[in-house]
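Heads up, the thing below is written out as structure tokens.
Start at 1 and go down the list; that is how both ligands and their atoms are numbered.
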Amino acid sequence: MGLIVQKFGGTSVGSIQRIGQVADKVARFRAEGHDVVVVVSAMSGETNRLIALAEEVQERPEPREMDVLISTGEQVTTALLSMALHKRGVKAKSYTGSQVRILTDDSHTKARIREIDNERLHAGLEAGFVLVVAGFQGVDEHGNITTLGRGGSDTTAVALAAALKADECQIYTDVDGVYTTDPRVVDGARRLDRITFEEMLEMASMGSKVLQIRAVEFAGKYQVPLRVLHSFEEGPGTLITLEDANQMETPTIAGIAFNRDEAKLTILGVPDMPGVAYKILGPIGEANIEVDVIVQNSADDNTTDFSFTVSRSDLARAKEVLQGVANEIKAREVRGDSKIAKVSVVGVGMRSHAGVASQMFGALAEVGINIQMITTSEIKISVIIEEKFLELAVRSLHSSFGLEREPKEEGTA
Ligand code: ADP
Ligand code: ASP
Ligand code: MG
């Protein structure tokens with residue numbers, strides 16, 4: 001018996017029937033004597049539907065109004081789930097982010113949680129209620145509704161678990177755990193029993209949307225025991241763990257992540273002199289555009305080609321900014337390419353294994369995929385390739401690193 005925070009994603013609360021199944025599950029945990037806080041997402045498709053409505057009204061709506069709109073989806077599911085619990089004889093109460101008081105900063109549509117007031121929650125739990133909290137939303141210090149970025153209900157759940165010192169935070173979704181890569185792309189993907197926080201953070205940052213990046217950051221920081229499970233199928237799921245070199249046999253590669261939301265900009269024939277990178281990226285930063293991978297290459301004629309990637313939705317604006325820069329520094333040409341993607345191999349085992357990069361490049365060469373850019377960190381190697389080769393690249397790397405194979409038994413190292 002203990003305190004559990006359970007988060008149910010969009011497809012898990014996507015219909016009245018599913019909400020009923022979630023209520024059955026929560027009721028079972030309650031009957032076993034656990035204190036339960038449930039965090040729900042909006043019904044699947046609802047947040048996208050609301051965003052599309054806003055875009056019909058105005059091209060770039062004010063972020064404050066956007067948050068008032070897109071936070072409504074989660075309010076609906078809290079009430080419906082509470083009703084479903086009442087119908088099953090379980091005491092339950094719904095709460096919006098602002099009723100709990102999940103205090104965030106004021107960065108609308110991508111707010112960060114600052115503080116959670118747990119007084120109300122403790123009182124509710126002590127009175128024997130299941131608390132059903134709206135995911136994805138908070139409130140700033142002036143009482144404005146804020147949201148935490150797409151996939152943000154994961155972060156609400158982990159933050160509540162940290163604030164309440166819950167025994168476990170369970171993320172229920174439409175797959176039965178974290179896989180070596182997206183199981184919807186590679187049939188042979190394998191569920192991982194465990195993955196370290198560090199690896200999960202890289203996987204999430206590199207595009208595996210099974211957990212929101214902030215949720216993983218939070219869980220690592222506050223050491224929240226975190227597990228990803230299937231909403232409606234029994235199973236152990238995946239435990240996100242601290243690295244423990246003595247107990248775990250670490251495979252070199254934990255998984256492969258990929259991201260289609262990338263676009264590449266290249267400025268050609270830039271005079272090769274000090275300060276050029278600053279002249280190019282300074283204005284991009286000022287325009288609030290985040291830069292991801294950067295590559296610069298000098299030619300013999302004292303010029304350099306400078307490439308970097310941005311989020312696809314920023315391509316047009318970045319190109320505009322870059323054109324201005326190109327005129328100013330007398331560069332030859334600016335090119336933009338939105339048909340690229342990023343593939344990353346991730347694993348803490350990389351630290352102690354040489355040759356991962358060459359194995360990766362070899363596997364891609366074997367299937368004729370050209371690498372446009374490369375970037376590495378201690379536990380990750382990413383490449384930028386043409387988007388049309390993305391699935392082929394992920395499948396080839398998955399098999400080259402032997403990720404389909406059954407893992408060796410633990411403790412036999
Ligand atoms: P929810 O609505 O429950 O939050 P999401 O769609 O946000 O669910 O996340 C679950 C999805 O994440 C899965 O359906 C799967 O396609 C995708 N996914 C991407 N990478 C992975 C991975 N490595 N392991 C498991 N699922 C992954
Ligand atoms: N409903 C929000 C979204 O679709 C938050 C979430 O589901 O986690 O992004
Ligand atoms: Mg999600």
Side-chain angles (χ1 to χ4, degrees), residues 6-15 18 22 38-52 66-67 69-78 97 109-111 133-138 146-160 169-195 199-216 227-233 235 237-238 240 253-261 343-347 390-391 394 397-398 403:
Q6 304 186 314
K7 177 255 172 178
F8 291 90
T11 35
S12 314
V13 293
S15 65
R18 291 215 168 139
V22 168
V38 185
V39 173
V40 282
S41 289
M43 294 168 106
S44 55
E46 177 64 4
T47 311
N48 288 343
R49 187 185 75 88
L50 295 166
I51 292 171
M66 213 51 197
D67 275 349
L69 177 71
I70 63 179
S71 60
T72 58
E74 271 73 8
Q75 190 169 335
V76 170
T77 44
T78 53
T109 74
K110 46 177 187 294
V133 180
F136 182 51
Q137 51 174 267
T146 55
T147 62
L148 309 177
R150 297 307 304 269
S153 299
D154 295 338
T155 302
T156 306
V158 176
L160 284 172
C169 180
Q170 304 172 337
I171 306 288
Y172 287 98
T173 182
D174 56 4
V175 281
D176 64 347
V178 178
Y179 276 67
T180 46
T181 192
D182 191 337
R184 296 188 202 287
V185 170
V186 177
D187 270 347
R190 175 166 52 80
R191 183 183 57 78
L192 298 163
D193 285 328
R194 327 160 142 235
I195 183 169
E199 288 168 329
M200 194 61 240
L201 195 58
E202 284 283 12
M203 290 282 281
S205 319
M206 293 302 116
S208 301
K209 300 211 164 77
V210 59
L211 283 175
Q212 201 203 28
I213 304 167
R214 299 247 179 92
V216 187
R227 199 182 278 280
V228 176
L229 301 133
H230 197 289
S231 298
F232 307 120
E233 290 167 15
T238 300
I240 323 293
I253 300 301
I256 295 166
F258 54 87
N259 189 3
R260 287 191 170 84
D261 180 26
V343 186
S344 310
V345 298
V346 173
L390 178 61
E391 296 197 358
V394 175
L397 292 169
H398 195 262
L403 294 176

Is the shortest side-chain heavy-atom distance between [X] and [Y] below 4.5 Å?
| X | Y | value |
| --- | --- | --- |
| Thr181 | Leu403 | no |
| Ile240 | Arg227 | no |
| Val210 | Val228 | yes |

Write out the residue and atom name of the closest protein heavy atom to [atom], then the distance separating them to 0.1 Å.
| atom | answer |
| --- | --- |
| atom 2 (O) of ligand 1 | Gly10 N, 3.2 Å |
| atom 13 (C) of ligand 1 | Asp174 OD1, 3.5 Å |
| atom 24 (N) of ligand 1 | Tyr179 N, 2.9 Å |
| atom 25 (C) of ligand 1 | Gly177 O, 3.4 Å |
| atom 27 (C) of ligand 1 | Val210 CB, 3.6 Å |
| atom 3 (O) of ligand 1 | Thr173 OG1, 2.7 Å |

May I ask you to check if ligand 1 and [X] share an N or O to N or O distance below 3.5 Å?
| X | value |
| --- | --- |
| Val175 | no |
| Thr180 | no |
| Ser12 | no |
| Lys7 | yes |
| Asp182 | yes |

Does only the side chain of Thr181 get under 4.0 Å from ligand 1, or the backbone, or both, or neither? Count heavy atoms.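 For Thr181, only backbone atoms sit under 4.0 Å from ligand 1.
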Per-residue contact class, Ala257 against ligand 1 - non-hydrogen pairs under 4.0 Å: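 Neither; nothing of Ala257 gets under 4.0 Å from ligand 1.
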For Asp67 and Thr146, which I'm curious about, is there any donor-acceptor pair between the side chains at under 3.5 Å?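 No, no side-chain donor-acceptor contact under 3.5 Å.
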Taking 4.0 angstrom as the limit and counting only heavy atoms of Ser41, give me the atoms of ligand 2 inside it, by number and element.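 Listed by number with element: 6 (C), 7 (O), 8 (O).
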Only heavy atoms of Arg150, strictly under 4.0 Å: list the atoms of ligand 2 that pass.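 Every atom of ligand 2 under 4.0 Å from some heavy atom of Arg150: 3 (C), 4 (O), 9 (O).
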Could you tell me whether the side chain of Thr11 and the main chain of Ser44 form a donor-acceptor pair under 3.5 Å?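 A pair under 3.5 Å: no.
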Quick one: does any side-chain atom of Gln75 pair with a main-chain N or O of Ala42 as donor and acceptor, under 3.5 Å?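 No: the side chain of Gln75 does not pair with the backbone of Ala42.
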Would Lys7 count as a polar contact of ligand 2, with the cut-off being nitrogen or oxygen pairs under 3.5 Å?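 No, there is no polar N/O contact under 3.5 Å.
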Atom 6 (O) of ligand 1: any protein heavy atom closer than 4.0 Å: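 Answer no: nothing from the protein, no heavy atom, is under 4.0 Å.
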To the nearest 0.5 Å, tell me how far Ile256 CD1 sits from Ser208 OG.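 Atom-to-atom, Ile256:CD1 and Ser208:OG are 10.0 Å apart.
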Where on Glu46 is there a heavy atom closer than 4.0 Å to ligand 2, on the side chain, on the backbone, on both, or on neither?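 For Glu46, no heavy atom sits under 4.0 Å from ligand 2.
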Give a yes or no on whether a salt bridge exists between Asp174 and Arg184, defined as a side-chain N under 4.0 angstrom from a carboxylate O.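 Judged by the 4.0 Å cut-off on N to carboxylate O distance, Asp174 and Arg184 do form a salt bridge.
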Which residue is it: Thr173, Val158, Asp154? I am looking for the one with a side chain to side chain contact (heavy atoms under 4.5 Å, CB included) to Leu211.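 Single pass found, and it is Asp154.
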Gln6 vs Gln170, test: side chain to side chain donor-acceptor pair (under 3.5 Å). Steps then yes/no. CA-CA 5 Å; Gln6 304 186 314; Gln170 304 172 337; 3.0 Å; yes
Work out whether the distance between some heavy atom of Pro183 and some atom of ligand 1 is less than 4.0 Å.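 Pro183 counts as a contact of ligand 1 under the 4.0 Å cut-off.
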